[in-house]
Amino acid sequence: MTMYQEYTLRDGTIKSIKVVEGRSHKEEMKLLGITERDIFSMQLLDKKSLQKPK
């Protein structure tokens, strides 16, 4: 099953990244161009649960 980490940012935007074994949280944030201070919440989701902006 494909899993994704979904980040809800303080400005209301949502960014998602595919979970890859061996990749750290800091590496995910660097790839998404966000910092720890930008994050409001994080969720681990499967592909079907992934929220898409409308």
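Counting begins at 1 with the first residue of the sequence.
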Return the set of residues passing side chain to side chain donor-acceptor pair (under 3.5 Å) with Thr35 (not counting sequence neighbours), or none when no residue passes.
Asp38
Set of side-chain contact (heavy atoms from CB on, under 4.5 Å) partners for Lys30, sequence neighbours left out
none
Could you pull out all residues at least two apart from Ser41 that satisfy side-chain contact (heavy atoms from CB on, under 4.5 Å)?
Thr8
Return the minimal non-hydrogen interatomic distance between Gln5 and Val19, and the atom names on each side.
N-CG2, 3.8 Å
Shortest non-hydrogen separation from Gly22 to Glu27 and the atoms involved:
O-OE1, 3.9 Å
So, do His25 and Glu36 sit near enough that their side-chain heavy atoms are less than 4.5 Å apart?
yes
Leu45 vs Met3 side-chain heavy atoms within contact, under 4.5 Å:
no
If hydrophobic residues (ILVMFWY) are linked whenever their side-chain heavy atoms come closer than 4.5 Å, directly or via other members, who joins Ile17 in its cluster?
Tyr7, Leu9, Met29, Leu31, Leu32, Ile34, Ile39, Met42
Other members of the hydrophobic cluster containing Val20, with the 4.5 Å side-chain heavy-atom rule, please.
none
Taking the side chain from Arg23 and the backbone from Glu28, do they hold a donor-acceptor pair closer than 3.5 Å?
no
